[in-house]
Amino acid sequence: MQNIRRVAVIGGNRIPFARSNSRYAGASNADMLSAALDGLVARFGLAGQRVGELVAGAVLKHSKDFNLAREVVLGSKLDPHTPAYDIQQACGTGLEAAILVANKIALGQIDVGIAGGVDTTSDAPLAVNEDMRRTLLKLNSARTVGERLKIAAKLRPHQPFKPEIPRNAEPRTGLSMGEHAARTALRWEIDRQSQDELALRSHQRLAAAYDKGFFDDLVTPYLGLTRDQNLRPDTTLEKLGSLKPVFGNRGADAGRATMTAGNSSPLTDGASTVLLASEEWAREHQLPVLAWFSWSENAAVDFVHGDEGLLMAPAYAAPRMLARAGLTLQDFDYYEIHEAFASQVLATLAAWESPEFCKDRLGLDAPLGAIDRNKLNVNGSSLAAGHPFAATGGRIVATLAKLLAEKGSGRGLISICAAGGQGVTAILER
Ligand SMILES: CC(=O)CC(=O)SCCNC(=O)CCNC(=O)[C@H](O)C(C)(C)COP(=O)(O)OP(=O)(O)OC[C@H]1O[C@@H](n2cnc3c(N)ncnc32)[C@H](O)[C@@H]1OP(=O)(O)O
């Protein structure tokens with residue numbers, strides 16, 4: 001085995017994120033990931049090149065897309081000898097793809113790789129119900145007309161018309177991401193005003209970043225969109241405060257519900273890609289390094305049997321990563337905490353500030369403490385940009401790497417909560 005090598009983030013490219021069932025309603029995962037990849041290939045002169053590996057994923061995937069990443073490579077200008085495969089780690093997919101690529105580069109197994117992610121809730125896979133599915137499979141394998149007629153005769157009239165539509169819910173609890181987050185918001189007493197303020201800042205900061213051209217070399221226009229469609233530069237605290245709660249608004253605690261369409265990330269379509277390489281590869285190709293991909297850590301919580309919140313795993317992952325890296329929570333210039341919900345970000349920060357949580361759950365003598373909120377999601381995050389599940393990690397890695405490059409030095413923490421009670425965290429440095 002070779003020595004561990006430094007891993008460079010060279011850059012990223014994504015398409016503007018669109019509201020679900022809107023501008024990209026006619027586009028597939030393959031269309032959008034291809035658009036993001038084409039932009040990356042063009043920006044970094046990768047046409048005709050064999051890249052070490054392309055790792056990508058989608059949370060909602062059609063069965064026909066069994067290796068979406070490879071299909072997208074074959075449709076791109078990359079050398080078709082570029083190996084590619086799909087992964088799925090819920091909303092952590094894009095970051096996990098970057099970690100996998102980075103680890104192979106670090107170990108000397110590849111010199112350059114691309115991480116990608118894409119999702120569309122507009123073109124979600126829709127399955128027929130279980131009875132129908134099994135009947136159709138039997139019909140497909142029947143050998144004679146007689147056999148087919150026998151199987152078809154068993155079909156009940158309602159069967160074909162009862163599709164199974166994918167829900168944004170946990171299979172083990174039946175609760176949606178938002179309903180789980182609402183419980184966590186109550187547990188951590190996250191108030192409505194703080195959530196709305198976080199949402200407002202996300203919109204204001206994303207709009208300001210677009211205005212000053214920050215995304216000019218990170219986002220390529222697609223299907224008529226030049227900016228993220230969910231971005232509302234003119235939203236106000238009053239408007240956000242007037243929205244009705246949409247999660248946690250049933251049952252005994254309905255009166256304490258705080259989560260609205262304004263302080264929850266919206267259902268979104270979009271794709272992102274990130275180019276990672278060894279230092280030597282970057283030098284040979286005369287491409288500047290934006291930042292170094294230095295640490296990562298995953299965690300999972302038992303939200304089924306225990307009282308840990310579904311989206312609280314990053315609160316465990318980040319401290320473990322800090323311990324391994326020999327850093328404190330305050331040793332950062334930027335914090336990129338994925339805004340699945342404003343309440344999720346605020347609950348994570350509250351946990352790190354809590355002496356009880358840090359002692360009982362993390363086994364620490366003292367709380368991790370507060371962060372400087374001015375360093376949090378400085379160019380906005382998922383509340384404003386939207387959250388096409390698997391594409392969010394790539395958006396964040398590219399944004400943070402460019403922030404570090406512009407600053408010239410420093411360190412940034414990435415934290416992404418994921419369905420299934422998981423969390424993916426990483427550190428970029430320059
Ligand atoms: C999956 C993982 O692994 C981990 C994770 O990240 S968990 C997160 C996963 N994502 C989710 O769960 C998605 C959660 N979001 C949703 O389900 C939906 O977006 C939602 C239920 C919250 C809202 O859906 P919706 O009602 O269709 O939203 P939408 O119509 O856009 O907004 C409702 C209203 O609020 C208004 N609004 C929304 N945001 C606003 C803002 N920032 N400012 C002002 N008004 C706003 C809209 O204008 C709209 O007003 P009208 O009714 O007057 O038109």
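Atom set for the values below is all heavy atoms of this structure, side chains included, hydrogens, waters and symmetry mates excluded. Remember, it's 1-based here, ligands and their atoms both numbered in the order they're listed.
Taking 4.5 Å as the limit, some side-chain heavy atom of L231 sits within range of a side-chain heavy atom of H203.
A cation-pi arrangement is present between K402 and F214 under the rule of less than 6.0 angstrom and at most 45 degrees off the ring axis. Remark: R172 fails to qualify as a cation-pi partner of F303 under the 6.0 Å distance and 45° angle criteria applied to the six-membered ring.
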Taking a 3.5 Å cut-off between nitrogen or oxygen atoms, can you list every pair linking ligand 1 to the protein, with distances?
from, atom 1, to, atom 2, distance (Å)
ligand 1, 3 (O), C91, N, 3.0
ligand 1, 3 (O), A419, N, 2.5
ligand 1, 6 (O), H338, NE2, 2.9
ligand 1, 6 (O), H387, NE2, 2.8
ligand 1, 12 (O), N168, ND2, 2.6
ligand 1, 15 (N), S265, O, 2.9
ligand 1, 42 (N), H203, NE2, 3.4
ligand 1, 43 (N), T235, OG1, 2.6
ligand 1, 48 (O), R232, NH1, 3.1
ligand 1, 48 (O), R232, NH2, 3.4

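Within a 6.0 Å sphere centred on CZ of R430, other residues, nucleotides and ligands contribute more than 12 heavy atoms.
A search for ring-ring contact (aromatic ring centres under 6.0 Å, His included) contacts involving W188 returns F357, not counting sequence neighbours.
Between the side chains of D31 and S34, no donor N or O sits under 3.5 Å from an acceptor N or O.
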